[in-house]
Participant: 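Dropping a structure here in C-alpha cells format, bear with me for questions.
As a basis for the values below, the full set of heavy atoms in this structure was taken, side chains included, without hydrogen atoms, waters or symmetry mates. For the single chain, residues carry numbers from 1 onward in sequence order.
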Amino acid sequence: QVQLVESGGGLVQAGGSLRLSCAASGSIFSINAMGWYRQAPGKQRELVATVTSGGAPVYTDSVKGRFTISRDFAKNTVYLQMNSLKPEDTAVYYCNADISELTWPRPRNTYWGQGTRVTVSS
C-alpha cells in the first residue's frame, strides 16, 4: 500500500504565496510521475502541474509563470510553490502519483492524497 500525505494549504490574500508539499510512503519501487490537481467548487478536477522522472514539468496555462513544481527524489516528495495567487486559484488541491509498487510484479497504480484547501481572498 502507498500513502500520499499533503500539507501546506491555507488562507492567503491575493498576490500572496503558499507552498504545498506531498510525501509518498509505503510499498514504493519507483515513482513514475507526481503532480497536483485542483477542484474548485462546482467545477471538475483539473490538472495544475505534473512532472515525470527525468521529464520536464507540465503546467496548465493558467498557472504558468506563477507556480513551480519540484520533486525531492530522496524524500519521495513533490512540492508546488504558488506565487502571485489569485482568487480563481481557490480550490482543494490534490496530490497525484503514478507509482510502481515494491512487490512483484511491480504493479503500477495511481494514488491520490486527501486534498488540502487553498483559499485566496481578494
Participant: Only counting residues at least two apart or in another chain, list the ones meeting side chain to side chain contact (heavy atoms under 4.5 Å, CB included) with Ser100.
Facilitator: Phe29, Ser30, Asn32, Arg108
Participant: Heavy-atom distance under 4.5 Å between the side chains of Thr68 and Leu80, does that happen here?
Facilitator: no
Participant: Any side-chain heavy atom of Asn96 within less than 4.5 Å of one from Thr50?
Facilitator: no
Participant: Side chains of Asn83 and Ser17 only: does a donor on one sit below 3.5 Å from an acceptor on the other?
Facilitator: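 The answer is yes; a qualifying pair exists.
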Participant: Identify whether Trp112 and Leu47 are in the same connected component of the hydrophobic contact network (ILVMFWY, side-chain heavy atoms under 4.5 Å).
Facilitator: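 Cluster IDs for Trp112 and Leu47 match.
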Participant: Tell me which one of Arg117, Arg38, Gln39 satisfies side chain to side chain donor-acceptor pair (under 3.5 Å) with Tyr93.
Facilitator: Arg38
Participant: Do Val92 and Val118 have side chains that get closer than 4.5 Å, going by heavy atoms?
Facilitator: no
Participant: How about Glu101 and Asn109: do any of their side-chain heavy atoms sit closer than 4.5 Å?
Facilitator: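 Yes, close enough: below the 4.5 Å cut-off.
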Participant: Does the side chain of Thr103 reach to within under 4.5 Å of the side chain of Ser27, using non-hydrogen atoms?
Facilitator: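 Touching, per the 4.5 Å side-chain cut-off.
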Participant: Specify the closest pair of heavy atoms between Ala24 and Met34, including all atoms of both residues, with the distance to one decimal.
Facilitator: CB-CE, 4.3 Å
Participant: Asp61 and Lys64: salt bridge (charged side-chain N to carboxylate O under 4.0 Å, His left out), yes or no, with the steps?
Facilitator: CA-CA 5 Å; Asp61 286 346; Lys64 286 180 181 177; 2.9 Å; yes
Participant: Give a yes or no on whether Phe67 and Tyr94 share a hydrophobic cluster (residues Ile, Leu, Val, Met, Phe, Trp, Tyr; joining criterion: side-chain heavy atoms under 4.5 Å apart).
Facilitator: no
Participant: Are any non-hydrogen side-chain atoms of Ile69 and Trp36 less than 4.5 angstrom apart?
Facilitator: yes
Participant: Given the ring of Tyr79, does Arg71 sit roughly above its face, with NZ or CZ under 6.0 Å from the centre of the six-membered ring and within 45° of the axis?
Facilitator: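 No.
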Participant: Using the disulfide (SG to SG under 2.5 Å) rule, collect all pairs that involve residues 3-119, keeping only residues at least two apart or in two chains.
Facilitator: Cys22-Cys95
Participant: Are Val48 and Leu18 connected in the hydrophobic side-chain network, where two residues link if heavy atoms are under 4.5 Å apart?
Facilitator: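 Val48 clusters together with Leu18.
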Participant: Looking at Ser122 and Ala14, what are the two nearest heavy atoms and their distance?
Facilitator: CA-CB, 4.3 Å
Participant: Less than 4.5 Å apart, side chain to side chain, heavy atoms only: is that true for Val51 and Val58?
Facilitator: no
Participant: Going from CD on Gln114 to CD on Gln3, what distance comes out if it is rounded to the nearest 0.5 angstrom?
Facilitator: 11.5 Å
Participant: Check whether Thr90 reaches the backbone of Thr119 with its side chain - one donor and one acceptor, N or O, closer than 3.5 Å.
Facilitator: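 No, because the side chain of Thr90 does not come within donor-acceptor range (under 3.5 Å) of the backbone of Thr119.
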Participant: Tell me, do Val2 and Ile99 make a side-chain contact under 4.5 Å, heavy atoms counted?
Facilitator: yes
Participant: Compare every heavy atom of Asp89 with every heavy atom of Arg66, then report the nearest pair and how far apart it is.
Facilitator: NH1-OD2, 2.7 Å
